[in-house]
Each structure stands twice: as structure tokens, then as C-alpha cells.
Amino acid sequence: MSDAPTPAADSPAHRYTGALAQEIEARWQDHWDAERTFEAPNPTGPLGDPTAVAGRPKKFILDMFPYPSGAGLHMGHPLGFTATDMYARYQRATGYNVLYTMGFDAFGLPAEQYAVQTGTHPRITTEANVANIRRQLRRLGLSHDPRRSIDTTDPDYYRWTQWIFLQIFNAWFDPEQKKARRIHELEAEFDSGLRTALTGDWAAMSPAERRRELDQWRLAYVSDAPVNWCPGLGTVVANEEVTADGRSDRGNFPVFKRNMRQWMMRITTYADRLIDDLELLDWTDALKSMQRNWIGRSEGATVHFESHAGRITVFTTRPDTLFGATFMVLAPEHPLVDSLTTPEQADAIAAYRTKAAAEDDFQRQNDSREKTGVFTGSYATNPMNGQQIPVWIADYVLMGYGTGAIMAVPCGDQRDFDFARKFSLPIAAIQDPTDGRGTDTSTWADAFVGDAPYVNSANDTLDLNGVASVADAKSRTNTWLSEHGHGAATITYKLRDWLFSRQRYWGEPFPIVYDENDSPHALPTPSLPVLLPDTDQFSPRTFDPDDAMSNPESPLDRLGDWVWVEADLGDGVKRYRRDTNVMPQWAGSCWYELRYLDPTNADAFVDPENEAYWMGPQGDSRSGGADLYVGGVEHAVLHLLYSRFWHKVLFDLGHVSSVEPFHKLFNQGYILAAAYQDERGIYVDAFGVQESNGTYTFEGKLVTREYGKMGKSLKNAIAPDEVCAEYGADTLRLYLMAMGPLDASRPWENKDIVGVYRFLQRVWRNIVEEDTGATRLLPEPASDETLRVLHRTIAGVREELDNLRFNTAIAKLIEFNNHLTKLGGCPADVADALVVLLAPMAPHMAEELWARLGHTSSITFAAFPVADPAMLVADTVEYPVQINGKVRSRITVAADAAADDVQAIAMADEKVQAALGGQAPKKVIVVPGRMVNIVA
RNA sequence: GCCCGAGUGGCGGAAUGGCAGACGCAGCGGACUCAAAAUCCGCCGUUCGAAAGGACAUGUGGGUUCGAGUCCCACCUCGGGCACCA
């Protein structure tokens, strides 16, 4: 970090150097704070100023808020934050009331782990880290409304996180209305007989039994089900936090499937709406498809196969191939396996099940693809044709998906085909493949998938033979299945319910206590927040990472005084046991954008009027939600899925008017940087590496270069503070944005920073006399040419900023300034426009120049210039003249010349005549204002 | 294996189907200077040519079109997501 040109001793006193930039920046940052420049008024409530809001359109511009790491901001943060700040400042200058602020996602593992190591309470570390990051953010000149900043660990904030949890706890999903409703409405339906209880006769139930019935319906519920137990972390984790190879995404420890009593959230009931409402959102297709993939909706049918042990139900996406089902396969854990297994097969089945149980889900999926399985000895009836087909078990069928059982159609499914070949099971052709391989499956090399006429697919009441399309055959089969009671069209999802409890310390306590029957009770709203109790034992009990049979032990379990409480929850004062779990880190980030709207409201998490103003559906946003949300793609499923779910519950319960939290979402790229490994593969300090003739050495030893995400682990991180100290924040902002488009990952190059630094120096020099510091403007009015360049720049910059193309917006400003430089300075009558155009990008310099140009109020609300259309059209246009697509000449023609005239002038051109050699052209294409192409 | 996204100078990157390489870095030349730095002016895809000018150029191969970096098909490479999901 020493590539900045060191100013020579005789450098002019008022040159825009890193030192001057910092002096200017600190001064304006103080000024903005003192003047409360960026405070955005609300329609109502503590931050309300109805007259200031009246008649102004709004923009809600949002960043994914950071975790306050002890290392401070990394370069990826300013990348996104600078983009939103430029956009926010631009929108303010075009008349919008802009809500733009920043909070901290401050619960979570790192602070807790640090506490375990050092004994420092996580609150202390968190507060220090937040203070440091606030300082860094301020230094970048981000135009946040400081009053709206939140911290998820603040009791005044997590009080509402707990409150929302209770809203979800006290809600159920009505499958008919497809929405969440309050639990007392369910109770009323049971009372009136409108709905029947699942566990018995409601009227005859005891209060405890009724409570248990209701608990089964809640959107937040305690369940004893397979969860991801991570002994290395000492806690359970959500499906979304487990990597493909079965390890925790934090810490990279093994994760085991274990049955445990844990809090779950019924996100699966929202699967359809979470998929369908993606249509309303302005998100990239890539992101939408990641969400769709994760939810994994697949449409098909459930089909019942009868056996002596009872009905075996399968899920299939290809009911049309039922006639080709020649065997069945159950997951080894399937409950019917015991009763299906014949005495002769009992030993083989038991051995296989033992082997399968010893392997966890992830090993099973990772191991070789060679099919294994064992015959149960029993047969089931194919409902289509009455055929008796053998029932096998095999570990390629997973208990956790569909029904844990499949019908095998080897002619149409490659896995079933492989299995049939391995165990010599019959393969019946039910389509005549279009690739000419014929219907003798003994000659097939693989399964056939696709549209082809059906054969051998008829019974007395259903005839698919001759049907040519899969879709058609599916729908006929589905109809037949339900008419004959053999099954029904069904949709299944990959998405599982969300595991919501963690056995950690640094998180939100659950506002829940248990009675003597172990039934959960919500604590009343006035008792919120349930404060996280103090302790000096922050760690859960952790275990050997491979000890699958260990049991979680939360830090809160140890606090006996805290765990037991006396309360009157309606049945008189009784003793209750507190829930000792904490919420996952995602809880606080599920709704923080809503708290920004009304951060100091003591009566509600957000006032409905404020929510409707900032986030309600309006204009072309039917979903409502933040107008712009910028952040990393690593949250594509986790945070974005969870917060959409919470938002929809709040919507259903009438607390918010927006259907979705984030209307437009933009994923920024990563900052990459060169990283170097020595011959052992260990990363070396990237800033100590020497380059010569394309080879790289570190301390004399050869190292290899690669590019990777900038960060501590690759030893190639540069802190934003370093760049601010060397060049100033305005230069850093411009560099980050000028490097390339916001969504692209790009390598950081120290040597390139100087490009935008020189640009700022040239702007400065065009307005300020470097030796004296006096303003120096050209007295004569701007020429027609200069005005045209200016207006083209205005139009261009607006266009680029509207579309978040900051790199090209900056390029256009550079072009305009280069034009001024060639004039020898800035004509006095265009100086204001230049500075206002620059203001969103380099706000400190712009404020400084604005003041020096004689303005007394902040440039923040100075109107962004509007291009005069008359200045955008030229008098004359230069047309390239192509012959057969190659440019052979150029002609200059009046801008309003008719196409015929342009053609005549082009044909008369010497070079064109020479190239044509007297031949008449076959065809001439004139594109008005663009070009001429002559086809010879 | 499936689903996305991307391949353009030495480098980062620009280009509503219409002059490929805006802008910046690096490099080269010039002015200023005793000199250097800084600044300002100019050049800067490859190749043939003294020049004028020509040929070739947007991962590869086809196609559509008067015209393709851009649209279509196939393939290659890289990045990301999912993965025995029935």
C-alpha cells in the first residue's frame, strides 16, 4: 500500500492530495451530522414530520447489514454500501424522500467464541466492534440517517424479535385460505365444529389435551424429529446451514441426523407462495432459480400399492409410467419393512439395514453410485395391471423425501434401470422410443426419457396406448387414479421446516415457558423482552466433533435461578420452566428492514402508516418492499428465504401491507485479489510478494499466484481505512465503482486506484487554483460545443445511475471533465452543473467545491441537472458508409436529411464510387442517424 | 449429471442487431524542467506495408441477417448453485 504518489516538497499548497481530501472529508462529515442532513422524515410517530413528507415520492434503499466482526469492515462492504449511497444521494437530488440507514446483525457465533476464549462478555466485544464499524462507515461518507440505526442485540430491538416469534407461535396455517390465521380462530373453529381436531374429539378433551392439539397447528412448534446435530459446535443447525458434504457451514464440523426435541417453523406451508411470489419481484433469474431449487416443488402423484403388510404409498413425478412399474423400493428405515420381510430374507434385510444405519445420509449420498439393495421377499400389487411386483429395500431411496418409497420404472428412470440391471429385475417398455432403439429392453443401454407413443399401457378403464405426450398421459393417469381410489395428483417439496432453536448463549432467548406437562406457553407481551441472563459461562458443552451420540447442553441450562419462574399465565400463579434455547442468528435479520421504518416506536414494531408509506405496494411494485436491496449472493437461500417467510406471516396477520420485504434485489460481486501460495500450499502475505518477469517470489522463494476473495484467510486483504488514509474516501468510492459493473467480481489492483484519484485532482484543478486555493473559473460563457458535451453527460449520467451502472456513469463524468481540462478550465456557467453531477459519487469534494462556488446550503438537495433535449441533437451527423458490411468511407450530412438524400450523398462519394468500380449496387440500406450499407 | 451465469487488447472493462475496444491502468513519444517528479499534449488490438492503404480480430464451429461481441444451434473453458429428490 504505498503506490500513492508522494507529493513532492514543492507540490502546490492547495493540490487535492490524500491529506487534503481527509481534511475536507472530516469537515463535511461533521457538518452533515451537525445539520442532521440525512434524517428522513416519517409520516407519523416519533420521527414523524407530516409536512416534510407531504407530496414527496419515497425511496427505501437498503444494504444487507453487516455482522460487526472484530476485524472491522472488509472491502466487500464498502463495495455494496458505496453503490447504495450513490443511488441514495442521486435520488435525494431528484426530489425523493430517501430512507437509507445501517444496522448491525450482532448476535452470533464469533463474539461468543471470542468470549469463550477470553472471558470477555460478548456484549463488550460487540459494542466495541459496532463502534469501530460505525467509525469506518462514517469515514466512507455514507449518507445514513443515524437515528434509524439498529443493533439486533439491543433489548429494545430483540423485544420485537421475541414479539414476532410469539405472533408466529400464536398462528396456524389455514390450508383452505392458504394463509396464517390467529390460533384463537382455530380454537373457535374447533368449538363450533367447523373443523375437526387431529388428536381426538375436541369437545371431550381436557384443557391439557386441547393445548396439545393446538400446539400441533402452530407455525412455531416444538417437534421431536430428525435434526442436524453438530457436536463440534455443541448445537443443532438448520438444513440451510449444512453443506453438501454434510458439515456445518460455520466451523466445518461433521453434522449428524438425530431425533431431538427442537423448535421448528412451519415454512413448508408457505412453499407455494414463496415460489409463486417470486414473479412479483425484480430479482435476477439466477437468484430466483436458486430459491425455486431450494424449495424444490415437484408435481406428480401419490399412488397406493397394496401388499399383505398393508398399503405402500409412493410419490412419483411420472404417473404416466405406472404400467412400467416392475418392482418397488423402500428406504431401509421405512416403517413397513419389518412386516414385509419374509423369514427367509430376514437376515439379509437386517444386515443391510444395520449397514445403512451406520452410514449417515451424507455418506450415503457421497459414496459410489453402485446400486445396492435387498429383496424383502414380499410382493405388492401394481394398481394399473394387477401385476405382483417384488418389494426391495435400497439406500438410494431416502426416507426424508416423498414417502420414503418409490415405484421403480426401469425403462424410464436411469437409477431404476441401473438397479434392475444389477439385480436382474424385469424391465418393461411402455413407450416406443423415438430414437429407434425398439421396445426390446434387453438391448437398451440406458433408460428412455421423453415424449414417445405409449405401448403396453392399457387396462379395462384406462388406455394410454398411442398417446404421444408425457403431459397428456400424466393428466389422464392422475384422473384415473383419483376416480378409482388408487391415488391422487400431489405436490411435494424439498424444503423442510426450519429448525429454529440453537443451544448457544449469544442470541435471543425464547419468550416461552413450559408447564408441568411440558407444554409451551407464550409469555405475555408486557413481560417482553425476556432479557438474555448474565453469566460468565458462554459456551455450550461441546463434544468430540465425531461424537454423534452426544447431547446438546445449552449455556442457559446451567442458570438454575433463571430457568425456574413463577408466573400467572391465566391459571393462577404457577411455577414454570423457561426455554433455554436461543434463536438462530437469522432471527434478527428476518425483519430488521421493518424496524428501520420506525426504530424508536415503543408501542409497535412498526406503525402501519409508516410501513405503508415506505414499503407498501405502489407504482409498478405490486409486492411492495424495499425499493432496492443490495448484498451478497451468499444469502440467496438462507436470509432471503427466512425473511420472506416472516414477512408473509406478518402480512397474513395484518401487521404489514407489503407482500414481500425486498422488491428489487441486486447482488454485488466479490472483490478478488491476488493471493500467493508457497510450495507447501500455504498462503503467504500477498503484500510481501515481489514480481519480476512474470514470476513471483516471497522472501526469495518462488510462490504461485491465484485470485481469490479478498480476506484474512488468503492473506490478501486491504482494509478500507488504509485506502481512505492514503487517498481519501472519495477516491476509494470512485475506485470501487469504476472497477466494473456492480454485479461482477473483480480483482483489486492497487496500481489502478490512481486513475480515479487523478480524475478528482483534475476536477479540483479545473475549479481551484492549486497555488492560492482561490477559485479559478473561465469568465467567458461555455461554448455551444461545451454545452452539448454537458447535456450529453447529464443525460448519460442519469441513464447510468437509474440502472445502477456506476462504472459508466463515472466514465461519462471523466469524459466531461477531460473536455473541460482541454479548455484550460471550467467555464463559470457550467461549474455548478459539474459539481452537482459529481456529488453522488464524490460527495465530500462536491460539498467543498459547492461551498467555494458560493453556495451556503448543502449540495445534498441541489437539484440534479436535467438535459435539454435540444442540446442532445446535433446539426450534422457523420455516417459511416459500408460496402458489404465493411466501412469504406464517411460522409457528413445534415441531421434532418431524408434517407433518400443520405443515400444520394453516399453514392456520390469518391471512395464509394472507386470501391464500386462503376457497378450499380444491388441494394442500399440507410439507417437514419446511424449508417449506410451498400450491398454490391 | 442437472440448472444458472460468463468468455472482448498486456490488464480492469465499454458497446438500444448498425463505426468493436468508451473510460481507466500499464506502455511509448513530445512539451515544461538544469534534471526529476507532478502536470499538459499525442500515440497505443494483431499483422502486412516506407506510406497510402489492406488483411485478420470479441472462446470454437455452424446458422439467421444488407449487417452479429450482441439473436439461434452445437461444442470448449471458467465461475456459481443443486445433486441417488423418485
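These numbers were taken from a predicted model, which means no experiment stands behind them. Per chain, numbering begins at 1; letters A, B, ... match sequence-line order.
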Any side-chain heavy atom of A:Tyr879 within less than 4.5 Å of one from A:Asp909?
no

Upstream residue (5' side of RNA chain B) when A:Arg15 and A:Pro880 are each assigned their closest nucleotide:
A:Pro880

Among A:His14, A:Arg776, A:Arg765, which residue meets the side chain to side chain donor-acceptor pair (under 3.5 Å) test with A:Glu770?
A:Arg765

Gap in Å between the two C1' atoms, one belonging to B:U46 and one to B:G61, rounded:
22 Å

Spacing between A:Ile814 atom CD1 and B:A14 atom C1', to the nearest angstrom
12 Å

B:G67 - base-pair partner by Watson-Crick or wobble geometry, distances under 3.5 Å
none

Look at the side chain of A:Arg762 and decide which nucleotide, out of B:C23, B:C40, B:C56, has an atom nearest to it.
B:C40

Looking only at atom C1', what distance separates B:G1 and B:C19, rounded to whole Å?
45 Å

Without decimals, in angstroms, what is the distance between A:Tyr879 OH and B:C19 C1'?
14 Å

For nucleotides B:C66 and B:C11, find the distance between their C1' atoms and express it as a whole number of Å.
37 Å

Under 3.5 Å, which N/O atoms of the protein pair with N/O atoms of nucleotides 66-71 of chain B?
residue	atom	partner	partner atom	Å
B:C66	O2'	A:Asn933	ND2	3.3
B:C66	O2	A:Asn933	ND2	2.7

Starting at atom CG of A:Leu813, determine the distance to atom C1' of B:G24, rounded to an integer number of angstrom.
14 Å

Heavy-atom donor-acceptor pair, A:Lys371 side-chain to B:C84 base, under 3.5 Å:
yes

Does either side chain, that of A:Thr372 or that of A:Tyr352, offer a donor lying less than 3.5 Å from an acceptor on the other one?
yes

Rounded to whole angstrom, note down the P distance from B:G69 over to B:G62.
15 Å

Would you please confirm or rule out a distance under 4.0 Å between OP1 or OP2 of B:G42 and any side-chain N or O of A:Lys822?
yes

Partner set under ring pair (Phe, Tyr, Trp, His ring centres under 6.0 Å) for A:Phe327, not counting sequence neighbours
A:Phe419

Nearest-angstrom distance from the residue atom CZ of A:Phe759 to P of B:C25:
12 Å

Nucleotide nearest A:Thr808 (side chain, heavy atoms from C-beta), chosen from B:A86, B:A14, B:C23:
B:A14

For atom CD of A:Gln414 and atom P of B:C85, their distance in whole Å
11 Å

Tell me whether A:Lys371 forms a cation-pi arrangement with A:Phe423, defined as NZ or CZ under 6.0 Å from the six-membered ring centre and within 45 degrees of its axis.
no

Apply side-chain hydrogen bond (donor to acceptor under 3.5 Å, both in side chains) to A:Thr268 and A:Asp497, showing your working.
CA-CA 6 Å; A:Thr268 48; A:Asp497 274 348; 2.5 Å; yes

Polar side-chain contact A:Arg758-B:U39 base: donor and acceptor under 3.5 Å
no

Looking at A:Arg805 and A:Glu799, does any basic side-chain N land under 4.0 Å from a carboxylate oxygen?
yes

For B:G17, does either OP1 or OP2 sit under 4.0 Å from a side-chain N or O belonging to A:Arg930?
no

Complementary nucleotide of B:G1, counting Watson-Crick and G-U pairs under 3.5 Å
B:C82

Taking atom P of B:A22 as reference, at what distance in whole Å does atom NZ of A:Lys812 sit?
13 Å

Taking a pair as Watson-Crick or G-U wobble with both distances under 3.5 Å, which nucleotide is matched to B:A74?
B:U60

Residues, nucleotides or ligands: over 12 heavy atoms within 6.0 Å of A:Lys911 NZ:
no

Test: side-chain hydrogen bond (donor to acceptor under 3.5 Å, both in side chains). Region: residues 404-414 of chain A. Which pairs qualify, not counting sequence neighbours?
A:Asp413-A:Arg415, A:Gln414-A:Asp418

Taking only N/O atoms, report every protein-nucleotides 72-74 of chain B pair under 3.5 Å with atom names and distance.
none

Could you check whether any side-chain heavy atom of A:His334 comes within less than 4.5 Å of a side-chain heavy atom of A:Ile393, counting everything from C-beta outward?
no

Think A:Arg292 has a side-chain N or O under 4.0 angstrom from the OP1 or OP2 of B:G81?
no

When rounded to the nearest Å, what value does the distance between P atoms of B:G21 and B:A15 take?
13 Å

Flag the pair A:Met907 / A:Ile934 as yes when at least one side-chain heavy-atom distance between them is below 4.5 Å, and no otherwise.
yes

Rounded to whole angstrom, note down the C1' distance from B:C40 over to B:C32.
8 Å

Please classify the glycosidic conformation of B:G9 as syn (within 90° of 0) or anti (everything else).
syn

Residue pair A:Asp413/A:Gln761 against RNA chain B: nearer the 5' end by closest nucleotide is A:Gln761

Any strand, both distances under 3.5 Å, Watson-Crick or G-U wobble: B:G29 pairs with B:C41

Rounded to the nearest 0.5 Å, the CZ atom of A:Arg496 sits from the OH atom of A:Tyr401 at a distance of 8.0 Å

Would you say B:G54 has OP1 or OP2 under 4.0 Å from some side-chain N or O of A:Arg888?
yes

Residue of the set A:Trp764, A:Tyr735, A:Tyr727 for which ring pair (Phe, Tyr, Trp, His ring centres under 6.0 Å) holds with A:Tyr757:
A:Tyr727

Side chain of A:Arg890, base of B:C19: donor and acceptor closer than 3.5 Å?
yes

Once you round it to whole Å, what is the distance between P of B:A14 and CE of A:Met737?
13 Å

Can a side-chain donor-acceptor contact be found between A:Thr821 and A:Asn766 if the only test is distance below 3.5 angstrom?
yes

Using atom names, set out every protein N or O paired with an N or O of nucleotides 5-13 of chain B below 3.5 Å, distance rounded to 0.1 Å.
residue	atom	partner	partner atom	Å
B:G12	O2'	A:Met739	O	2.8

Rounding to the closest angstrom, what is the interatomic distance between B:C44 and B:U77 at atom P?
37 Å

Separation between the P atoms of B:G67 and B:A22, rounded to whole Å
27 Å

Looking at residues at least two apart in the chain, or sitting in another chain, which of them share a side chain to side chain donor-acceptor pair (under 3.5 Å) with A:Arg297?
A:Asp272, A:Asp276

For atom CG of A:Leu495 and atom C1' of B:G81, their distance in whole Å:
16 Å

